[in-house]
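Please read the structure below before turning to the comments.
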Amino acid sequence: MEHEPLPSKDRAEVRVVAATPEVARRVAEVLRRCFASTEQRSYPAGREGGTRLHLTLDTASAAEPARSWLATSESTDQDRSHADEV
């Protein structure tokens with residue numbers, strides 16, 4: 001299985017899957033208040049009418065409270081993917 005290339009050091013690729021476009025936009029808005037981001041891209045997600053939203057966050061340009069959280073957070077050996085992630 002091939003994986004997508006990793007984003008650059010201070011970037012994070014975020015995928016939001018929601019039942020409606022409005023819910024996905026609300027989540028993206030919260031993320032944009034904490035981090036600088038690229039323009040979001042949205043796509044249909046399944047036959048039920050859901051929405052998949054993609055955006056890239058710049059973690060080097062974090063605002064509070066994300067900045068203080070990033071400064072105190074640590075990676076652990078328990079970093080795991082969800083069972084349905086590829």
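- The minimum heavy-atom distance linking A24 with A18 is given by the pair N-CB, 3.7 Å.
- Once rounded to the nearest 0.5 Å, the distance linking OG1 of T51 with CD of Q40 reads 10.5 Å.
- Applying the side-chain hydrogen bond (donor to acceptor under 3.5 Å, both in side chains) test to S61 and every residue at least two apart in sequence or in another chain returns D58.
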Open item on the list: Evaluate T56 against V14 for side-chain contact (heavy atoms from CB on, under 4.5 Å), listing each step before the verdict.
Closed with: CA-CA 6 Å; T56 303; V14 177; over 6 Å; no
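- In this structure, the separation between CZ on R11 and CG on L6 is 14.5 Å, given to the nearest 0.5 Å.
- Going from atom CZ of R15 over to atom NE2 of H54 covers 4.5 Å, rounded to the nearest 0.5 Å.
- Between the T59 side chain and the D10 main chain, a donor and an acceptor come within less than 3.5 Å of each other.
- Note: R26 CZ to L53 CG = 13.0 Å, rounded to the nearest 0.5 Å.
- For the atom pair CG of L55 and CZ of F35, the computed distance is 10.5 Å after rounding to the nearest 0.5 Å.
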Task: From CA spacing to verdict: salt bridge (Lys or Arg N to Asp or Glu O under 4.0 Å), R25, E29 - done: CA-CA 6 Å; R25 280 191 292 270; E29 181 61 31; over 6 Å; no
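- Between P44 and R52, the closest heavy-atom pair is O-NH1, 3.9 Å.
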